[in-house]
Amino acid sequence: MTFDMPVTPRNVLVIGGNRYFGKRLIARLVTAGDRVTVLNRGSSPPPPGVEHLVADRDDEAALEAALGDRTFDVVLDQVCYTPRQAAAARRIFAHRTRRYVMTSTIEVYEYEDSAVPVPESSVDPRGVAVDLELPWNDPEFLDAHYGEGKRQAEAVFAAAPDFPYVSVRVAHVLGGADDFTGRVTHYAERLRDGEPIAVPAVNHPATYINVDEIADFLFWAAGQDFTGPVNAASHGPLTTEDIVAALGAGPARYRAVEVGEVSPFSFRRSYGMANTRAEQLGFTFSHTRDWLTDAVAQTLEAAAVAVQGGN
């Protein structure tokens, strides 16, 4: 998808964004001529020409000190996981930006089970209860409550009617040589070793998006004026079998699991998002058939190179 470039350069802050589709988003902003600042904990530097601020976002005083008197046209928050982080961000950026885009997740719909893709209204953040006293700083708790953390973070932003926020609910992301999740390689290794792939007894499809397309979407969303939640997903839900077939490694064996852990990209409930709102606002999504084979090939090729380099 092609986009109109900003008429004048924008001051854009990206919080996080040092890997995967965040890196691609920063590249798109730089190419568009925006003045980009990246804020992270210093784990990795941004590309040349991008200002770098170092702060731990969980330390509100340090975050505010790092920002100084800077203001931004757009803030793109790639790493807001908890309502505490959202509350601090809302306080700090209330008078620093005209637009705040939070990267959220399909996991906000973790309690939904619909045979048809769900719209944003299925989870209205204005009706989500927020509990700041939960142990959000405990990594194990946060990992086990990822969807709830995102849901409550959205609720914090939505509770301030004058805060110009967008929450981009991202479908499962596929593709890229830098896919760090190991989910695609899990299937490749199973096929290589002749091991069965564990799936639920009733295995439901889910919605996905290509790594480059979600970077395109976030770049596009930064330049719009709508607010509130918006789903970002390619057309064409995928099943586990679809993804395995795209590996091109021959027939697979599946093992139904009634109780217990199943393979990634296999789901015990219907798990799809409708992308109608985003398309009505002007973004055109691809279809998964247009990129699935290339996406898994990119990931597997990179994984093979990594293995060879380690030998």
Side-chain angles (χ1 to χ4, degrees), residues 6 8-18 21-23 25-26 28-30 32 34-43 46 50-105 108 120 124-126 128 130-132 136-137 142 149-170 214-215 217-230 232 281:
T8 57
R10 301 170 296 188
N11 284 323
V12 180
L13 174 68
V14 180
I15 304 176
N18 58 326
F21 59 82
K23 292 195 302 184
L25 170 61
I26 292 169
R28 283 156 173 75
L29 294 166
V30 171
D34 290 320
R35 294 184 290 267
V36 182
T37 301
V38 170
L39 187 147
N40 59 32
R41 291 178 295 182
S43 54
V50 173
E51 184 178 6
H52 189 197
L53 301 179
V54 177
D56 183 345
R57 71 166 305 152
D58 289 318
D59 184 335
E60 185 171 347
L63 177 57
E64 191 155 22
L67 291 167
D69 60 358
R70 294 173 179 82
T71 60
F72 305 94
D73 297 301
V74 186
V75 174
L76 290 147
D77 191 345
Q78 293 284 90
V79 289
C80 185
Y81 299 114
T82 76
R84 289 183 191 171
Q85 292 173 338
R90 199 181 77 182
R91 287 189 292 267
I92 290 172
F93 291 102
H95 305 293
R96 290 178 183 267
T97 188
R98 293 196 291 267
R99 187 162 183 77
Y100 197 97
V101 182
M102 168 198 168
T103 297
S104 190
T105 174
V108 301
E120 293 83 358
D124 185 344
R126 294 170 298 182
V128 172
V130 173
D131 188 347
L132 298 175
W136 294 113
N137 290 337
L142 184 57
K150 289 286 193 180
R151 192 163 41 244
Q152 290 195 28
E154 287 191 26
V156 168
F157 291 130
D162 296 330
F163 191 74
Y165 92 101
V166 176
S167 55
V168 177
R169 295 172 176 173
V170 181
I214 188 56
F217 186 85
L218 289 165
F219 175 83
W220 172 82
Q224 304 303 304
D225 58 8
F226 67 87
T227 57
V230 62
L281 288 165

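Side chain of Arg126 to backbone of Ala158: no donor-acceptor contact under 3.5 angstrom is found. Side chain of Arg98 to backbone of Asp73: no donor-acceptor contact under 3.5 angstrom is found. A distance-only check finds a donor-acceptor pair linking the side chain of Arg99 to the backbone of Gln224 [under 3.5 Å]. Using a distance-only test at 3.5 Å, with no hydrogens or angles considered, a donor-acceptor pair links the side chain of Thr97 to the main chain of Phe72.
In plain terms, the two heavy atoms of Glu154 and Ser104 that are nearest each other are OE2-OG, 2.6 Å. The nearest pair of heavy atoms linking Pro229 to Glu120 is O-CG, 3.5 Å. Residues Ala222 and Val74 come closest through the heavy atom pair O-CG2, 3.5 Å. When all heavy atoms of Val108 and Arg151 are compared, the closest pair comes out as O-NH1, 2.7 Å. Scanning all heavy atoms of the two residues, the minimum distance from Asp131 to Pro83 falls at O-CG, 4.3 Å.
Between the CG atom of Leu63 and the CG atom of Asp59 there is a distance of 8.0 Å, given to the nearest 0.5 Å. Summarising the geometry, atom CZ belonging to Arg96 is positioned 5.0 Å from atom CG belonging to Leu67; distances are rounded to the nearest 0.5 Å. The CG atom of Asn40 lies 11.5 Å from the CZ atom of Arg57; values are rounded to the nearest 0.5 Å. Within the model, atoms CG of Leu218 and CD1 of Ile26 stand 11.0 Å from one another, a figure rounded to the nearest 0.5 Å.
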- request: Could you please spell out the steps behind the side chain to side chain contact (heavy atoms under 4.5 Å, CB included) verdict for Arg70 and Asn11?
  value: CA-CA 9 Å; Arg70 294 173 179 82; Asn11 284 323; over 6 Å; no
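For the side-chain contact (heavy atoms from CB on, under 4.5 Å) criterion with Pro46, the lone passing option out of His52, Lys23, Glu51 is His52. Exactly one of Lys150, Gln78, Arg169 qualifies for a side chain to side chain donor-acceptor pair (under 3.5 Å) with Thr103. That residue is Gln78.
Under a cutoff of 6.0 Å and an axis angle of 45°, Arg10 and Phe219 form a cation-pi pair.
Within a 6.0 Å sphere centred on CG of Asp225, heavy atoms belonging to other residues, nucleotides or ligands number 12 at most.
Taking a cutoff of 4.0 Å between a charged side-chain nitrogen and a carboxylate oxygen, Asp56 and Arg41 do not qualify as a salt bridge.
In this structure, Tyr165 has its ring center no closer than 6.0 Å to that of Tyr100.
Residues Tyr81 and Asp58 have side chains not in contact (no heavy-atom distance under 4.5 Å, counting atoms from C-beta outward). Between Phe217 and Val230, some side-chain heavy-atom pair lies under the 4.5 Å cut-off. Gln85 places none of its side-chain heavy atoms less than 4.5 Å from the side chain of Val79. By the 4.5 Å heavy-atom criterion applied to side chains, Pro125 and Phe157 are not counted as neighbours. Counting only heavy atoms from C-beta outward, the side chains of Thr82 and Gln152 never approach each other to under 4.5 Å. Side-chain contact between Val50 and Val14 is absent, with no heavy atoms from C-beta onward closer than 4.5 Å.
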